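Below: the structure, in structure tokens.
Throughout, a chain's letter reflects where its sequence line sits, starting with A, and its residues are numbered from 1. In this text, all values refer to a predicted model and were calculated from it rather than measured experimentally.
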Amino acid sequence: MKEPKQLSVSAIENGTVIDHIPANNLFKVIQILGLDHIDNQITFGTNLESKRLGKKAIIKIADIFFEEQDINRIALVAPDAKLNIIKGYEVVEKAVVEVPDEIVGIAKCVNPKCITNFESVTTRFRVVDKKPVSLKCHYCEKITDQEHLSII
Amino acid sequence: MKKRSLVSIDDLSTDEIIRLLDMATEFEKEPIQNLLEGKVVSTLFFEPSTRTRLSFESAISRLGGKIIGFTDASSSSVTKGESLNDTIRTVNNYCDLIVMRHPIEGSARYASEIATVPVVNAGDGANQHPTQTMLDLYSIRKTQGKLENLNIFLVGDLKYGRTVHSLLMAMARWNATFNFIAPEDLKMPEEYKMYLKNLGLKYYEHTDFTDIVSEADIIYMTRVQKERFSDPMDYEKVKNVYVLRNSMLKKTKPTMRILHPLPRVNEIHTDVDSNPKAYYFEQALNGVFTRQAILAFLLGIKK
């Protein structure tokens with residue numbers, strides 16, 4: 001009898017696993033972290049069952065360990081994301097993301113009259129509230145709230 | 001020396017505001033001083049303005065500086081499609097300080113980050129107009145002898161008026177009490193009420209413009225603009241309700257003064273003009289002294 005073919009996503013030896021990403025924001029996380037521009041081995045799964053999120057996504061990145069400030073950049077699109085740091089096939093550290101105090105170049109300002117929507121200016125916001133997220137534009141000083149938040 | 005710009009009134013500490021007001025008082029006593037001799041100031045007005053531009057140019061002239069610039073975007077390279085970034089980088093080479101008014105919000109902060117010379121925001125859309133706030137503070141302090149614990153009445157368009165928003169935020173530093181008088185459609189936005197609430201400051205809202213103004217130390221009038229109303233009928237209903245007349249001033253305090261950022265349309269009846277409590281034209285003159293102080297301060301000529 002033939003062995004049933006099985007596609008398995010192998011465990012990584014060293015690297016980072018990002019779990020509990022809302023499925024519809026997977027590609028935004030990939031974009032924010034610049035994973036589409038690196039040579040490392042990356043596997044991801046999406047539309048996986050999750051009790052908490054409904055559908056979740058997961059990303060495994062070999063040989064990359066993020067700095068806290070870098071990983072926190074995904075907090076706007078994946079506020080419940082959990083990180084597992086893997087070394088020698090073992091989880092050596094777990095971490096959660098946290099909304100940073102300042103958001104640079106990720107979100108779009110909701111104000112149509114803001115300079116950032118006219119010229120190629122990198123957006124910058126001060127986080128005035130973390131849950132729900134509320135951002136104050138560094139330029140036009142208007143508030144962009146969670147409901148109106150869009151990612152560049 | 002680190003470059004300083006003035007984009008928002010919040011860029012200044014309370015001590016700096018007081019220092020600038022003191023400097024403006026000195027300029028009022030002695031307005032002609034050659035402090036800007038050999039300096040070139042660019043006045044870039046991407047949208048037209050009469051009072052702000054003229055009072056800046058008057059301030060620069062009285063300090064002996066030279067002015068280059070344009071008075072509306074149609075006479076600048078903007079019509080050729082030049083970006084603000086490129087305009088600022090270029091103009092930056094020609095001058096020691098840039099004064100800019102621009103219809104896009106946040107443009108002044110952006111310009112201040114591109115320029116290597118100080119930038120003074122002379123109004124960026126509906127966002128900030130800090131030199132107006134400074135001249136309002138100067139007028140209040142000059143007429144009341146202090147900034148602390150005053151009762152400020154803001155009347156008219158409190159929803160879109162950037163002048164009243166900046167003044168509110170600034171006066172909140174000195175424990176002011178506020179009274180807002182506005183039509184339902186133009187009420188003070190929630191975020192500013194929250195701001196006062198968080199600081200534990202008192203405010204009262206009214207829709208009727210009546211003799212409650214007798215408690216006022218300052219009545220700050222603003223124009224109710226027709227274009228703010230989606231329904232022209234709503235404008236017709238309120239346009240004559242928020243008009244200040246001489247007869248309404250009988251019971252007001254003798255020290256009370258009426259301010260208005262100007263231009264006025266009909267919200268202050270001309271019969272008020274001859275009342276000694278009318279201060280709006282002197283207020284406009286104060287703009288020259290406060291702008292002299294701001295220019296000298298940002299150029300590091302006076303500290």
Could you tell me which of B:Glu191, B:Arg109, B:His102, B:Glu105 has the largest number of non-hydrogen atom pairs under 4.5 Å with chain A? B:Glu105

At a heavy-atom distance under 4.5 Å, which candidate from B:Val7, B:Ile104, B:Asn85 has the highest pair count against chain A? B:Ile104

Those residues that, when tested against B:Arg223, pass side-chain contact (heavy atoms from CB on, under 4.5 Å) (two or more places apart): B:Gln225, B:Pro263, B:Val265, B:Glu267

Mind checking which of [range] sit less than 4.5 Å from chain B, heavy atom to heavy atom?
range                       : result
residues 81-113 of chain A  : A:Asn111, A:Lys113
residues 132-145 of chain A : A:His138, A:Tyr139, A:Cys140, A:Glu141, A:Lys142
residues 19-32 of chain A   : none

Give a yes or no on this: more than 12 heavy atoms of other residues, nucleotides or ligands lie within 6.0 Å of atom NZ of A:Lys130. yes

For A:Glu68, does the CD atom sit with more than 12 other heavy atoms under 6.0 Å from it, leaving out its own atoms? no

